[in-house]
Amino acid sequence: AQADIPDETFAQGILGPGCGIEPTGKTVYAPFDGTVEQVASTLHAVGLTSEDGMEILIHVGMDTVELKGKGYELFVQTGDHVQKGQLLFRFDMQAIAAAGYTLTTPVIVTNSSRFARIEPLLSGRVTAGQQLLRAKM
């Protein structure tokens with residue numbers, strides 16, 4: 001649940017509604033067909049826009065900006081068109097955890113004011129390819 005994300009900015013929905021994921025793997029895939037709008041210079045986060053206009057932020061780990069890209073490998077760049085399921089980036093879970101960072105990964109809708117409601121669809125264990133959130137107009 002979003003309220004359980006161990007960072008107040010994400011937990012309180014300051015950047016928008018969404019959910020938190022506790023990764024069990026080391027890869028992040030595109031959740032939909034869309035465009036890469038932003039890539040953090042420290043490789044720990046990407047911003048995407050879906051073909052129907054939903055903007056999301058995927059942010060791997062809490063305070064991981066401090067790692068300055070160490071432990072992350074990026075496979076896309078700003079402006080790229082991506083397909084649902086396409087590899088976005090890979091991260092070294094063990095190295096990040098060993099450096100003292102939690103891997104909780106918020107997935108946040110950053111333009112939620114465009115929608116009447118954002119609904120979480122799943123809880124518990126999820127696998128790549130499952131839809132996490134739904135936007136209602």
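Worth knowing before you read on, the calculation uses all heavy atoms, side chains too, and leaves out hydrogens, waters and symmetry mates. Everything quoted here is computed from the prediction, not taken from an experiment.
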Next on the checklist: Any side-chain to backbone donor/acceptor pair from D80 onto V36? Under 3.5 Å, distance only.
Outcome noted: no
Item to check | Test item: T27 side-chain N/O and G25 main-chain N/O as donor-acceptor pair under 3.5 Å | outcome: no
Checklist entry - For Q86, which residues count as a side chain to side chain donor-acceptor pair (under 3.5 Å) partner, sequence neighbours excluded? => result none
Checklist outcome for this item: Of all heavy-atom pairs linking V28 and V60, the shortest is CG2-CG2, 3.8 Å
Next on the checklist: Side chains of E22 and T104, heavy atoms from C-beta outward: is any pair under 4.5 Å?
Outcome noted: yes
Item to check | Exercise: identify the closest heavy-atom pair between E55 and T49 | outcome: CG-OG1, 3.5 Å
Checklist entry - Going from CG on L57 to CD on Q38, what distance comes out if it is rounded to the nearest 0.5 angstrom? => result 7.5 Å
Item to check | Within-4.5 Å side-chain heavy-atom neighbours: L67 and T42 | outcome: no
Checklist entry - Going by the angle between their ring planes, with limits at 30° and 60°, are Y72 and F91 parallel, tilted or perpendicular? => result tilted
Item to check | Q94 backbone acceptor or donor facing D92 side chain under 3.5 Å | outcome: yes
Checklist outcome for this item: Closest non-hydrogen contact found for R90 with F75 is NH1-CZ, 3.5 Å
Checklist outcome for this item: Distance col, row H44:NE2 vs M62:CE, nearest 0.5 angstrom, shows 8.5 Å
Item to check | Donor-acceptor contact below 3.5 Å, side chain H59 vs main chain G61 | outcome: yes
